[in-house]
Amino acid sequence: AVDGDTIEVQSGQYIGQVFVNKSLIFRGIDTGTGYPVIDANGSECAVTLVAPSIEIISMNITGANSSAVLIENDNCTLLNLTIIHPKVTDYYLTYPAVTGEDVAGLTISSCRFFVHGDTVALYNPHGYSITGNEFYNPYGYSVAIVSSGSANPTENGVISGNTITQSRGAGIGIIAKTADSLVRNLTISDNKISGSGGSIGLFIPSQGVIIRNNTLTENPGTIQKGVYGIMTYGTSGVLIEENHVVGTDVELAFRFEDCSGLTITGNTVDGNSDTGMGFLWVTDSFVSQNTMDNNIYNFWMNPFILDPGVLPGNVIDTTNLADGKPVWYFEGVDDLSIDGSDNISTIILYACDNADIKEFSSSANGAGVMALRSENLTITDCSFEQMYRGILSISSPHLTVQGNHLTDCFDGIMVGDFFGGLVSDNLIENSDDCGIVTGIYLEGVTVRDNTIDGANAGIYLDRVSGYNNAIFSGNTIQNTHVAGISSSSSQGAILCENTLDAESGVAVEQAAGYGRWLHGDAVS
């Protein structure tokens, strides 16, 4: 054969390795017993593409002990292939079924993969297209795109219209191999993924990446914690729109971590067994028209504190709905007055002074109220159920949390790192972890006359430095599993006249300066 020829291979089984070292079309023909089978019979690779501009069409490829198809040159096409990798369980696979490094113009289309480990892994590819394939892959990555550095970034890729079914591992992963890795101009769209643990993950600095109209469904056989649906980490300028997650069993259906400049619009998540949409250290991002329904926690944001006077710069508008109620997010807006008539799902305040929140009820979010650096905040007579934290306030001086009812939350109330505050007369029931958590610096803070019924620890002092002005008094604590009052590495707090049931008691770990602790407390 010479460059430009077509080689037709008729039905049958062909044992051994194939090295294609000319630019030609290598096409299988079904002459009555199916497409031809290339069986490497335990050799390292079944098909190696040495020359550029090779097309492999309509074949079954199996039996390789390393990679079924190794791509060593540019502008190659894999079309309508069935790849089984490995052939038998005795083979120990150390390489993906299809792999290539520093290749350009690769097309993989209309192929079927039956693979035990990683399926398609490309290192620093350029101008690649992976479309319309079917992946049946119980472990590993179905598609992995790996970048080794910004000097040679992976760029100009399309991963679209694929159907991925697996019980563990990850559907599509975009991965950094080095600290300065980069991916540019990538579209991940219209894929249907079921059963994979981390369905779509972007773990690399990025430019011009779109994740659009992907559908994620059930995740059988996965461990819930530490597994995500669509995740971006360490990225910027990514568009995540109109993706749908339904009936999954992952920790976060949408997880955005350490990112900036995201646009997140029109996504839906329904029926995840944990959290719908979560944000960790996200800045300068636009979030709109997302819908979260029937999740354990619908909308969740991890608290992070920037330097004084610096705002995260996020726009999260009220078109985001959790169980039909809008998410309210504010940065630097003072003198807010919010009550039950506003019909809100969750309230998040960053640097919003003089806010008054009262008499509203909600459930199933990361928090009923979360406030960061918000001075003179008042939260009274609210009712929150099944929140990760019912009320969370950090670095918000002159805080008042009074008369609220918190039920079935992971933590009822969490407050810390502030001066001048009152947490009193709250009823906290059936907390999965703690009724009230206080932490770090407290000065002039009183926690009194609260009733806590059911928790691991009723009140937990987490590394509190109270300067003898943090007073915990008159609280009634019962039905706790570990301790009524517990402390770790704390000092300078005063505990007096609290009532604890006998089985709960008090737990103190690495506490110092507690000479005035436990004065007049009753264990009954």
Side-chain angles (χ1 to χ4, degrees), residues 19-21 23 44-45 47-56 66-78 94-109 111 113 117-131 133 135 140-160 162 169-189 191 198 200-212 230-240 256-262:
F19 294 88
V20 186
N21 57 6
S23 300
E44 185 175 355
C45 295
V47 178
T48 302
L49 308 186
V50 180
S53 302
I54 298 169
E55 296 182 33
I56 307 293
S66 179
S67 289
V69 179
L70 176 62
I71 303 159
E72 295 184 341
N73 219 316
D74 296 339
N75 301 315
C76 293
T77 297
L78 308 184
T94 56
Y95 291 91
V98 176
T99 187
E101 184 170 357
D102 293 318
V103 296
L106 174 64
T107 297
I108 302 174
S109 183
C111 297
F113 297 94
D118 295 332
T119 304
V120 174
L122 304 177
Y123 300 83
N124 308 317
H126 308 274
Y128 54 98
S129 174
I130 303 170
T131 61
N133 304 285
F135 295 85
Y141 285 99
S142 286
V143 177
I145 306 298
V146 184
S147 174
S148 299
S150 59
N152 186 27
T154 172
E155 58 186 358
N156 302 328
V158 175
I159 304 171
S160 179
N162 302 287
I172 300 169
I174 315 301
I175 306 158
K177 192 173 181 180
T178 61
D180 66 339
S181 296
L182 177 67
V183 60
R184 288 196 297 229
N185 303 330
L186 168 64
T187 297
I188 303 172
S189 66
N191 300 286
I200 298 175
L202 185 65
F203 309 102
I204 184 173
S206 58
Q207 296 175 2
V209 174
I210 297 171
I211 302 174
R212 174 187 291 138
I230 294 177
M231 178 180 179
T232 64
Y233 176 83
T235 66
S236 61
V238 180
L239 172 62
I240 304 104
F256 308 109
E257 180 175 356
D258 194 22
C259 297
S260 65
L262 302 179

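Because only heavy atoms are used, hydrogens play no part in the values below, and waters and symmetry mates are left out as well, while side chains stay in. Fair warning: this is a prediction, and the values are worked out from it, not measured in the lab.
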* Run the numbers on T232 and I211 for side chain to side chain contact (heavy atoms under 4.5 Å, CB included), then give the verdict. => CA-CA 10 Å; T232 64; I211 302 174; 4.3 Å; yes

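- Between the OH atom of Y95 and the CG atom of L70 there is a distance of 10.0 Å, given to the nearest 0.5 Å.
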* **Step-by-step ring pair (Phe, Tyr, Trp, His ring centres under 6.0 Å) determination, F113 to F135** => CA-CA 5 Å; F113 297 94; F135 295 85; 4.9 Å; yes

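- With sequence neighbours left out, P205 forms a side-chain contact (heavy atoms from CB on, under 4.5 Å) with L182.
- Although no hydrogens or angles enter the test, the distance criterion places no donor-acceptor pair under 3.5 Å between the side chain of S147 and the main chain of A176.
- Not one N or O on the side chain of T119 forms a donor-acceptor pair closer than 3.5 Å with the backbone of A97.
- Minimum interatomic distance between S206 and V209 (heavy atoms only, all atoms of both residues): CB-CG2, 3.6 Å.
- Rounded to the nearest 0.5 angstrom, T187 OG1 and L239 CG are separated by 9.0 Å.
- Summarising the geometry, atom OG belonging to S23 is positioned 9.0 Å from atom CG belonging to N75; distances are rounded to the nearest 0.5 Å.
- Checked against side-chain contact (heavy atoms from CB on, under 4.5 Å), E101 has the following partners two or more places apart in sequence or in another chain: Y123.
- Across V103 and I71, no two heavy atoms sit closer than the pair CG1-O, 3.9 Å.
- P153 and H126 get closest at one heavy-atom pair: O-CE1, 2.9 Å.
- Here the closest non-hydrogen pair linking A51 and N21 is CB-C, 3.4 Å.
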* To do: Could you give me the CA-CA distance, side-chain angles and deciding distance for T235 and L262, then say whether side chain to side chain contact (heavy atoms under 4.5 Å, CB included) is met?
  => CA-CA 8 Å; T235 66; L262 302 179; 3.8 Å; yes

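- Scored by the salt bridge (charged side-chain N to carboxylate O under 4.0 Å, His left out) test, E257 finds R255 as partners (sequence neighbours excluded).
- To the nearest 0.5 Å, atoms CD1 (I174) and CZ (F203) are separated by 9.5 Å.
- In this structure, S236 has no side-chain hydrogen bond (donor to acceptor under 3.5 Å, both in side chains) partners at least two apart in sequence or on a different chain.
- Using a 3.5 Å distance cut-off with no hydrogens or angles, the side chains of T131 and S160 do not pair a donor with an acceptor.
- Across all non-hydrogen atoms, the minimal contact from V143 to I159 is CG1-CD1, 4.0 Å.
- With sequence neighbours left out, S53 forms a side-chain hydrogen bond (donor to acceptor under 3.5 Å, both in side chains) with no residue at all.
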* To do: Give the intermediate values and the outcome of side chain to side chain contact (heavy atoms under 4.5 Å, CB included) for residues L122 and I130.
  => CA-CA 11 Å; L122 304 177; I130 303 170; 4.2 Å; yes

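- Under the salt bridge (charged side-chain N to carboxylate O under 4.0 Å, His left out) criterion, E72 pairs with no residue at all, not counting sequence neighbours.
- Judged by distance alone, the side chain of D258 and the main-chain N or O of G234 form no donor-acceptor pair under 3.5 Å.
- Checked against side-chain hydrogen bond (donor to acceptor under 3.5 Å, both in side chains), N191 has the following partners two or more places apart in sequence or in another chain: N162, N214.
- Contact of the S189 side chain with the I210 side chain is not registered, since no non-hydrogen atoms from C-beta on lie closer than 4.5 Å.
- In this structure, T154 contributes its side chain and V183 its backbone to no donor-acceptor pair below 3.5 Å.
- Taking the ring pair (Phe, Tyr, Trp, His ring centres under 6.0 Å) definition, one finds that Y141 meets it with nothing, sequence neighbours left out.
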* To do: Please step through side chain to side chain contact (heavy atoms under 4.5 Å, CB included) for the pair I188 and I200, ending with a clear verdict.
  => CA-CA 9 Å; I188 303 172; I200 298 175; 4.2 Å; yes

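- Closest heavy-atom contact between G149 and S181: N-OG, 3.5 Å.
- In this structure, the side-chain contact (heavy atoms from CB on, under 4.5 Å) partners of D102, at least two apart in sequence or on a different chain, are N124, N152.
- Not a single side-chain hydrogen bond (donor to acceptor under 3.5 Å, both in side chains) links T107 to another residue, sequence neighbours left out.
- The CG atom of L106 sits 6.0 Å away from atom CG of L78, with the distance rounded to the nearest 0.5 Å.
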